[in-house]
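Working notes, structure below.
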Amino acid sequence: MSSKEAIQKQETKTPEGVERTKAKRTFAPVVDIIETEKEIVLMADMPGVDENSVDITLEKNVLAINGGVEEKAYEGHSLAYSEYRTGDYARSFTLADEIDKDNIKATVKNGVLRLVLPKAKPAAKKIAVKAA
Amino acid sequence: MLWPELERYDFGRSLWRELDTLQRDMNRLFSSYGERTEADFPSVNLWAGENDAVLTAELPGINSEDIDISVHDNSLTLNGSRKAEELKEGETYHRQERNSGQFSRIVRLPFKVDESKVNANYKNGVLEITLPRAEEDKPRKIAVKAV
């Protein structure tokens with residue numbers, strides 16, 4: 001395991017002057033994005049999130065990932081030592097490729113979100129240019 | 001019950017080693033305050049109760065059988081690994097922020113743990129270990145008799 005960025009959670013950046021309505025902390029999940037021939041696969045580390053608490057939207061070319069994490073407290077226990085904080089997750093991406101919006105698949109396993117975004121077949125017909 | 005921060009000093013050690021540790025801690029404090037290193041992965045939170053402690057760690061994307069937990073006296077060792085995604089031909093990374101590989105972390109607890117009663121569960125990428133305090137380590141109540 002390497003790099004301190006991945007060891008310490010980074011809070012989600014918001015545009016200047018814009019604040020969230022919830023006073024809860026929000027973190028930007030670390031992601032891997034892999035492009036294959038037919039699809040784009042995104043994996044995001046979101047510990048504490050399950051299939052019901054994750055919310056994905058794709059509007060125009062902006063893919064937004066949101067995940068809610070319930071703050072857990074242990075009865076009769078107090079937090080004596082803490083190295084990480086918990087909070088919701090939020091991160092958005094602008095997609096370059098045309099995505100087949102109807103066939104996006106999302107799964108969550110062991111706190112990792114896996115999104116498969118199939119590339120749309122090119123709608124426009126390619127026109128071959130002939131030398132005159 | 002007295003709950004110090006994860007205790008760092010063991011008075012059984014010699015003074016020299018003590019000073020050595022202190023110097024290292026000071027160096028670390030000034031050179032990279034707030035930064036944490038590979039040895040500190042995964043990050044942990046410790047919840048203290050009257051007779052036990054609950055340790056939690058965020059370990060997304062690991063199969064529960066790939067996490068190895070061992071407890072001895074007052075130290076807890078977490079070992080494990082996360083496999084990297086294997087790329088096939090023609091596949092490329094646009095971003096690779098998630099880490100993979102081996103990790104090993106030792107956490108010292110402020111009391112001796114009853115090793116036979118340790119309970120761990122892993123859900124949604126969060127590991128939770130319940131560490132009961134050993135019976136012989138619990139403080140004795142001493143009744144004061146009126147003479």
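Naming convention: chains lettered A, B, ... in sequence-line order (proteins, then strands); numbering from 1 in each chain.
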Is it true that [X] and [Y] fall in one hydrophobic cluster, defined by side-chain heavy atoms closer than 4.5 Å?
{"X": "B:Ile129", "Y": "B:Phe111", "result": "yes"}
{"X": "A:Val69", "Y": "B:Val54", "result": "no"}
{"X": "A:Leu117", "Y": "A:Ile34", "result": "no"}
{"X": "A:Leu115", "Y": "A:Val30", "result": "no"}
{"X": "A:Val112", "Y": "B:Val126", "result": "no"}

Can you tell me how far apart [atom1] ([X]) and [atom2] ([Y]) are? Round to the nearest 0.5 Å.
{"X": "A:Tyr81", "Y": "B:Leu109", "atom1": "OH", "atom2": "CG", "result": "11.0 Å"}
{"X": "B:Asn45", "Y": "A:Leu79", "atom1": "CG", "atom2": "CG", "result": "5.0 Å"}
{"X": "A:Tyr74", "Y": "B:Thr130", "atom1": "OH", "atom2": "OG1", "result": "7.5 Å"}
{"X": "B:Glu91", "Y": "A:Lys38", "atom1": "CD", "atom2": "NZ", "result": "11.5 Å"}

Side chains of [X] and [Y]: closer than 4.5 Å at any heavy-atom pair?
{"X": "B:Val107", "Y": "A:Glu83", "result": "no"}
{"X": "A:Phe93", "Y": "B:His94", "result": "no"}
{"X": "A:His77", "Y": "B:Asp52", "result": "yes"}

Could you tell me which non-hydrogen atom of [X] sits nearest to which non-hydrogen atom of [Y], and how far apart they are?
{"X": "B:Pro60", "Y": "A:Pro47", "result": "CG-CD, 3.9 Å"}
{"X": "A:Lys72", "Y": "B:Trp47", "result": "O-CZ2, 3.5 Å"}
{"X": "A:Tyr84", "Y": "B:Thr56", "result": "OH-OG1, 2.9 Å"}
{"X": "A:Val31", "Y": "B:Glu97", "result": "N-OE1, 2.8 Å"}
{"X": "A:Tyr89", "Y": "B:Glu58", "result": "OH-OE2, 4.0 Å"}

Is a donor on one side and an acceptor on the other found under 3.5 Å between the side chain of [X] and the backbone of [Y]?
{"X": "A:Asp32", "Y": "B:Arg98", "result": "yes"}
{"X": "A:Glu35", "Y": "B:Thr92", "result": "no"}
{"X": "A:Asn110", "Y": "B:Lys123", "result": "no"}

Greater than 12 external heavy atoms within 6.0 Å of A:Lys24's NZ: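 Correct, the count exceeds 12.
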Flag if over 12 foreign heavy atoms under 6.0 Å of CD, A:Glu37: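 No, the 6.0 Å shell around CD holds no more than 12 heavy atoms from other groups.
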Given a strict heavy-atom distance threshold of 4.5 Å, which part of [X] is in contact with chain A: side chain, backbone, both, or neither?
{"X": "B:Leu55", "answer": "neither"}
{"X": "B:Glu128", "answer": "side chain"}
{"X": "B:Ser64", "answer": "neither"}

Top of A:Met46, A:Arg114, A:Met43, A:Lys109 for chain B proximity - count of heavy-atom pairs under 4.5 angstrom: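 Result: the option with the highest number of such pairs is A:Met43.
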Salt bridge (charged side-chain N to carboxylate O under 4.0 Å, His left out) contacts touching residues 138-147 of chain B (sequence neighbours left out):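 Applying salt bridge (charged side-chain N to carboxylate O under 4.0 Å, His left out) to every pair that reaches into residues 138-147 of chain B, excluding sequence neighbours, yields B:Glu135-B:Lys138.
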Any residue of residues 48-61 of chain A which, by heavy atoms, sits under 4.5 Å from chain B: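 Those residues of residues 48-61 of chain A which have a heavy atom under 4.5 Å from chain B are A:Gly48, A:Val49, A:Asp50.
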